[in-house]
Protein chains: 2
Amino acid sequence: MQMFFSKTCEYAIRAVIFVAQKSEGGRKVGIKEVAAGIDSPEHFIAKILQELSKRELIQSSKGPNGGFYVDSIARSNTLADIVRAIDGEKIFKGCGLGLKSCSETKPCPLHNDFKEIRTKMHRTLQSATIGEFNENLNLGLSYIKER
Amino acid sequence: MQMFFSKTCEYAIRAVIFVAQKSEGGRKVGIKEVAAGIDSPEHFIAKILQELSKRELIQSSKGPNGGFYVDSIARSNTLADIVRAIDGEKIFKGCGLGLKSCSETKPCPLHNDFKEIRTKMHRTLQSATIGEFNENLNLGLSYIKER
DNA sequence: ATATTAAAAGATATTAGGATCTTAATATAT
DNA sequence: ATATATTAAGATCCTAATATCTTTTAATAT
């Protein structure tokens, strides 16, 4: 594998964006719909949504007509909040060569290059709110599933 | 875990830089010395060095006074070559949200942001030759091990 | 011949990804 | 009120990938 985020985190981001889009009008979205909507294993995404719900990055209600949704407060959370909740701070803070002691005063050979990359990553995720992708998705200008 | 590269790849980069530095004067570096020099598990780094040697990113010789070294030709390989050999192209090409079908014409919501990050990553690694870190390491201006 | 060293292959351990099953909550019909 | 259907929450388990360790084999300088 190997990419910027764990698989769990990739699914989490896509799921939150999807639920935010679909629940914009007030309705709730079931697990099956989420799994189908973002091409993820149903039971795996269920577990991820649970965790996100516990951390109040999305909301849920049980029972008939229940499901997941993103309320107006949660809509202003950022993608950085999701990444932090699932993968932690490493992508924003960690050394590219895996050195725990890497720092400004004891830098690895790539310290400054990676600093730029991490900064760009942080800016991108921190400035992207959960709610801001709806329009482009609705217009078919961007996609969060394979087919 | 989760970072830009796999643990294997982090060790590989550090090991190659280390061997390049230590073998600059013509001598060869044993596995134990590499493991100690970059703080890696000895047997694990042995396997990684094997693979790098097979791909001619470093050189080796068996027997007494044998060991690993980087010849003048291999010294001009780049860190991007190491990353490609170990982790493949994904860090340079893959979608940040894990979508195989993500592309210019069917972009994920973060496609353009991630493109910038990947480009920066590629430029950094492609322009960094294996040999270029010796001086800073020798001067104690950068570090490749924990303590 | 012997000691030294990497190559090769395989075994084991750990972690992450994914599946299964049970429990709890709640809307709705009776 | 009660039963039932629907839905998420939670726990547990299985599987696959990754990381690490062990053992054996092959090369080579002396």
Side-chain angles (χ1 to χ4, degrees), chain A residues 1-16 19 22-23 27-36 38-71 85-88 90-91 98, chain B residues 1-16 19 22-23 26-36 38-71 86-88 90-91 98:
Chain A
M1 258 260 99
Q2 211 48 44
M3 183 47 31
F4 301 121
F5 312 122
S6 68
K7 211 101 200 56
T8 306
C9 191
E10 289 175 356
Y11 286 142
I13 295 172
R14 282 155 61 195
V16 172
V19 173
K22 296 301 180 190
S23 69
R27 76 182 186 86
K28 290 164 192 162
V29 193
I31 286 176
K32 284 200 191 63
E33 187 180 351
V34 176
I38 66 168
D39 286 306
S40 70
E42 186 181 323
H43 299 95
F44 191 33
I45 199 63
K47 187 189 272 187
I48 296 170
L49 290 173
Q50 247 175 59
E51 177 67 21
L52 291 169
S53 160
K54 211 179 293 173
R55 295 185 180 251
E56 302 189 327
L57 290 165
I58 64 173
Q59 288 63 50
S60 71
S61 65
K62 294 183 181 181
N65 305 315
F68 296 90
Y69 59 102
V70 183
D71 67 23
I86 306 291
D87 279 350
K90 197 162 292 174
I91 195 86
Chain B
M1 255 263 100
Q2 212 48 43
M3 184 46 32
F4 300 122
F5 312 121
S6 67
K7 212 101 200 56
T8 306
C9 192
E10 291 175 355
Y11 285 142
I13 296 172
R14 282 156 60 195
V16 172
V19 173
K22 294 303 180 190
S23 68
R27 77 183 184 87
K28 290 163 191 161
V29 192
I31 286 177
K32 284 201 192 65
E33 188 180 350
V34 176
I38 67 168
D39 285 308
S40 70
E42 186 182 324
H43 299 95
F44 190 34
I45 199 63
K47 186 186 269 185
I48 296 170
L49 289 173
Q50 246 175 60
E51 177 67 22
L52 291 169
S53 160
K54 212 180 290 174
R55 296 184 179 253
E56 303 190 325
L57 290 165
I58 63 171
Q59 287 64 48
S60 71
S61 66
K62 293 184 182 180
N65 304 316
F68 296 91
Y69 59 102
V70 184
D71 67 24
I86 305 291
D87 279 350
K90 196 160 290 174
I91 195 87

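In this text the structure is predicted, and so the values were computed from the model without any measurement.
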Rounded interatomic separation in angstrom, taking [atom1] from [X] and [atom2] from [N]:
| X | N | atom1 | atom2 | value |
| --- | --- | --- | --- | --- |
| B:Glu51 | C:dA9 | CD | P | 12 Å |
| B:Leu52 | C:dA8 | CG | C1' | 16 Å |
| A:Asp87 | C:dT15 | CG | P | 16 Å |
| A:Phe44 | C:dC21 | CZ | P | 19 Å |
| B:Glu42 | C:dT5 | CD | P | 12 Å |
| B:Glu56 | C:dA7 | CD | P | 13 Å |
| A:Phe5 | C:dG17 | CZ | P | 14 Å |
| B:Ile48 | D:dC21 | CD1 | C1' | 13 Å |

[options]: which one has an atom nearest the side-chain heavy atoms of [X]?
| X | options | answer |
| --- | --- | --- |
| B:Ser53 | D:dA19, D:dA5, C:dA7 | C:dA7 |
| A:Ile31 | D:dA8, C:dA19, C:dG17 | D:dA8 |
| B:Lys62 | C:dA3, C:dG17, C:dA6 | C:dA6 |
| A:His43 | C:dA19, D:dA9, D:dA19 | C:dA19 |
| B:Phe68 | C:dA6, C:dA3, C:dG17 | C:dA6 |
| A:Lys54 | D:dA19, D:dG10, C:dA27 | D:dG10 |

Margin query: Go through it in stages, so that I can follow the logic: the residues are B:Lys22 and B:Val34, the test is side-chain contact (heavy atoms from CB on, under 4.5 Å), and I'd like the CA-CA distance, side-chain angles, deciding distance and then a yes or no.
Written below: CA-CA 9 Å; B:Lys22 294 303 180 190; B:Val34 176; over 6 Å; no
Checklist line | Given DNA chain D, 5'-ward residue of the pair B:Pro64 and B:Thr8, judged by closest heavy atom | finding: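 By nearest-heavy-atom nucleotide position, the 5'-most residue is B:Thr8.
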Note to self: Walk me through whether B:Asp87 and B:Thr8 qualify under side-chain contact (heavy atoms from CB on, under 4.5 Å).
What the structure shows: CA-CA 8 Å; B:Asp87 279 350; B:Thr8 306; 5.5 Å; no
Next item on the list: Check whether the side chain of A:Gln50 and the base of D:dA8 form a donor-acceptor pair under 3.5 Å.
Entry: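 Not at all, since no donor on one side and acceptor on the other fall under 3.5 Å apart.
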Margin query: At less than 3.5 Å, do the side-chain atoms of A:Lys47 and the base atoms of C:dG18 form a donor-acceptor pair?
Written below: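 Yes.
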Check: If you draw a 6.0 Å radius around CD in B:Glu42, do more than 12 non-hydrogen atoms from other residues or ligands fall strictly inside?
Finding: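 Yes - once you tally the heavy atoms of other residues, nucleotides and ligands closer than 6.0 Å, there are more than 12.
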Should [X] be listed as having a side-chain N or O under 4.0 Å from OP1 or OP2 of [N]?
| X | N | value |
| --- | --- | --- |
| A:Ser61 | D:dA8 | no |
| A:Ser60 | D:dA8 | no |
| B:Asn65 | D:dT30 | yes |
| A:Ser6 | C:dA16 | no |
| B:Tyr11 | D:dA19 | no |

Margin query: Within the structure provided, determine whether B:Pro41 and B:Tyr11 are in side-chain contact (heavy-atom separation under 4.5 Å).
Written below: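 Counting from C-beta outward, B:Pro41 and B:Tyr11 do come under 4.5 Å.
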Checklist line | A:Lys28 vs A:Ser61 side-chain heavy atoms within contact, under 4.5 Å | finding: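 A:Lys28 reaches A:Ser61 side chain to side chain.
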Note to self: Assess whether a salt bridge exists between B:Glu51 and B:Lys47, defined as any Lys/Arg side-chain N lying under 4.0 Å from an Asp/Glu carboxylate O.
What the structure shows: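 Salt bridge between B:Glu51 and B:Lys47, a charged N being under 4.0 Å from a carboxylate O: no.
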Note to self: Only pairs with both distances under 3.5 Å count, Watson-Crick or wobble alike; so what is the partner of C:dT30 in this structure?
What the structure shows: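 When the pairing criteria are applied, D:dA1 turns out to be the nucleotide that pairs with C:dT30.
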Notebook entry, point to check: How is A:Leu49 classified with respect to the nucleic acid when contacts are heavy atoms under 4.0 Å: base, sugar-phosphate, or nothing?
Noted result: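 Nothing, no nucleic acid heavy atom in range.
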Note to self: Need one value for A:Val34: base, sugar-phosphate or nothing, where a base atom within 4.0 Å counts as base even if backbone is also close, heavy atoms only.
What the structure shows: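 Here A:Val34 touches no strand at all.
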